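Sequential numbering from 1 along the given sequence is applied to the chain's residues. These numbers were taken from a predicted model, which means no experiment stands behind them.
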Amino acid sequence: MPEDTYDVIVIRAGPVGENVADRIVQGGLTAAIVERELVGGECSYWACMPTKALLRDAAALRAVRSLPAAARAVTGGLDPAAVLRRRDSFASHWDDAGQVSWLVGAGVALLRGQGRIVADRTVEVSSAAGAATTVHARHAVVVATGSSAFVPPVPGLTETAPWTSRQAASAQAVPARLTIVGGGVVGTEMATAYSALGARVTLVSRDGILPTVEPFAAARVTAALEKAGVELYPTTAPAEARRDGTGAVHLTLADGTTIVSDEIVVATGRTPNTTDLGLERIGLAPGGWLRVDESLRVVDAEGAVVGDGWLYAAGDVNRRALLTHQGKYQARAVGDTIVARARGTEVDLSPWGRHAATADDRAVTQVVFSDPEIAAVGLTLRAATDTGLDVRAVEYDLGAVAGASLHADGYEGRASMVVDVSRNVLVGFTVVGPDVAELLQAATIAIVGEVPLERLWHAVPAYPTMSEIWLRLLETYGRDAHNRTPFPGAR
C-alpha cells in the first residue's frame, strides 16, 4: 500500500467506525478505515446479531405455546442445529465480503491491518504478512477500537480456556453442561439461550442477577431462569477453576461449592482495546479507557485536549455507554463535528445540540433479550435519586392491559416510569414482559423531547395495544396522593 493522506483516519471498522467514516464522506471529506479483523466488528459477528439469532427461535416458540389454538400446531421442541445454522447466516458465516462491499460503495478506503498511532495525525498500518505503511490525516484520527471481554483473575481460570461472549455467540455445538460466570446482560441472555437449546446451565454471579436494572424487572428474569432449570448462585464469587483430563471444567466457589461443566463462559465486564494502539507515542497510557470532552476529543489525565484536538474516540473505548446503538449515535456526532470543524462552521455542543451526545447521559436505551424481555431508557429510580433529582416513580401491571391479555394467555409483565417532579417530565422508563422491546422508542422520545406529562396525556394509545400501558401509568401517577404536582388530565 502506498503512503497516502486522507482527511480522516478511523481505526477499526465496527459499527462505530463505519458510521464515523460514512458521516465524514457524506460531509464531503475523505476517509480511510483501518481494520485488523472483520469489517463489521464485534456486533456483526460475535455479539448483537448472532446472540439475538440464538434467542429468537426460543422466544417465538414460547409465544406460540402461550396461545392455546396455535400451541396445538407445535409438536416438538427446538432444533438446536437449525438454530445454529440460522445464527451462522446472521453472522454472514464470519465472512465480511458484504460489509466490505458496502464500505467501498460508500467511498471509504479500507486499509487491512493493525493500526497504531506513531505521531500527530499519523497512523502506521501493519498487515498480517508483516508489511507496513504510513497514512496521514489532514484533520482527525478517530479511535473506534471498542472493547473485549474481561477475564477476572480467578486462579486457574485462564488455563481452562474459558469461552467469552465471542465463543458463546459463535459455538458450533451446544455443550451438555455450561457454567456462566456473570449475571449481567450477556450472562442472562446466554443462560436464556443455552438453556432453551438443551444445555444444563449454571449461572454464577457475585453481584446478583441484572443488578443495574429496576429490581422488579430483574426479579422476573430471575424467576424465569429458575423455572427454565438454570441453577443460580446469585451472590457467590468464583474462587478457583481447573480443567481435568477428560476436558471437564471444575469451578470452585467462595462458599466451597464445586460446579462441573463441559464449558465455562466468562461474562464479567469489558476491557478497552487500547493496548496495541501506540498511545504511548502521544503521551497517553495504553490499556486504559480513553477520556473525552463533550465533543468526544481525547483528553489527557488532567483533562487537557490531546495535541490541538485532532484525536477523537467514539464507542465503547470512551466508556460513556457500552452499547452498539449508543456508539453509533456518538459516531454520527463525531463525524458531523469533524466535518464542521474542517469547514470552519459552528459546532453546537449545547445540551441536545446538533453535535452533542447528550443522550449518553440522559437517555441511554437498552433491551435485554432475556425471558422475559426488559426494555429500559434513562434513569432507574435509584440512579435518579442518587443524582439528587426530586423524583416519583409509579408501576403498573402490564398484564392487566387489554393488548397484553390478547397477546398471550396468562401474560405477565410490569412497567414503571420515573418522573422529575420539579419539571414534571419523564426521566426513566422500564418495562418487563414478553415482546416488550418495541415499546421502548415511545419512552425514549418522551425523555429526549422532555415532554411535560400534561402534553403526554394527549398522546392517545391505540386500543387494544400494549401501548395503553402509558395511559395506565399516567393515571396511576395522577392518583398518587404523594404527588406534589398533579396534572389536570389525570384527575
Output side-chain donor-acceptor pairs under 3.5 Å for residues 314-324, partner residues at least two apart or in another chain, one line each.
residue: D316; atom: OD2; partner: S147; partner atom: OG; Å: 2.7
residue: N318; atom: OD1; partner: R320; partner atom: N; Å: 3.0
residue: N318; atom: ND2; partner: A313; partner atom: O; Å: 3.1
residue: N318; atom: ND2; partner: Q330; partner atom: OE1; Å: 2.8
residue: R320; atom: NE; partner: D360; partner atom: OD2; Å: 2.8
residue: R320; atom: NH2; partner: A357; partner atom: O; Å: 3.1
residue: R320; atom: NH2; partner: D360; partner atom: OD2; Å: 3.3

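Donor-acceptor pairing under 3.5 Å is lacking for the side chains of E475 and Y477. Side-chain contact check for S295 and R297: at least one donor-acceptor pair (N or O, by modelled atom type) lies under 3.5 Å.
Every ring-ring contact (aromatic ring centres under 6.0 Å, His included) that F429 has, sequence neighbours left out, goes to W470. Shown here are the side chain to side chain contact (heavy atoms under 4.5 Å, CB included) partners of I447, two or more places apart in sequence or in another chain: A363, V377, L426. When the salt bridge (charged side-chain N to carboxylate O under 4.0 Å, His left out) test is applied to R62, the partners found at least two apart in sequence or on another chain are D371. For R206, there are no salt bridge (charged side-chain N to carboxylate O under 4.0 Å, His left out) partners, not counting sequence neighbours. With sequence neighbours excluded, the residues satisfying side chain to side chain contact (heavy atoms under 4.5 Å, CB included) with K52 are L55, E189, F369. Q366 pairs by the side-chain hydrogen bond (donor to acceptor under 3.5 Å, both in side chains) definition with nothing, not counting sequence neighbours. Every residue two or more places apart in sequence or in another chain that forms a side chain to side chain contact (heavy atoms under 4.5 Å, CB included) with R177 is listed here: R200, A248, V260, S261, D262. Legend: residues meeting salt bridge (charged side-chain N to carboxylate O under 4.0 Å, His left out) with R220, ordered by chain and number and at least two apart, are absent. Applying the side-chain hydrogen bond (donor to acceptor under 3.5 Å, both in side chains) test to E468 and every residue at least two apart in sequence or in another chain returns nothing. In this structure, A239 has no side chain to side chain contact (heavy atoms under 4.5 Å, CB included) partners at least two apart in sequence or on a different chain. Take D22 and apply the salt bridge (charged side-chain N to carboxylate O under 4.0 Å, His left out) test, not counting sequence neighbours, and it matches no residue.
R343 places a side-chain N or O within donor-acceptor distance of the main-chain N or O of G27, the cut-off being under 3.5 Å.
Under a cut-off of 6.0 angstrom, the local environment of CD in Q172 is crowded, with over 12 non-hydrogen atoms contributed by other residues, nucleotides or ligands. Atom CZ of F216 has more than 12 neighbouring heavy atoms from other residues, nucleotides or ligands inside a 6.0 Å radius.
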Inset, instruction - Take H355 and R341 through the test side-chain contact (heavy atoms from CB on, under 4.5 Å) and record every step on the way to the result. - result: CA-CA 11 Å; H355 303 96; R341 284 176 170 155; over 6 Å; no
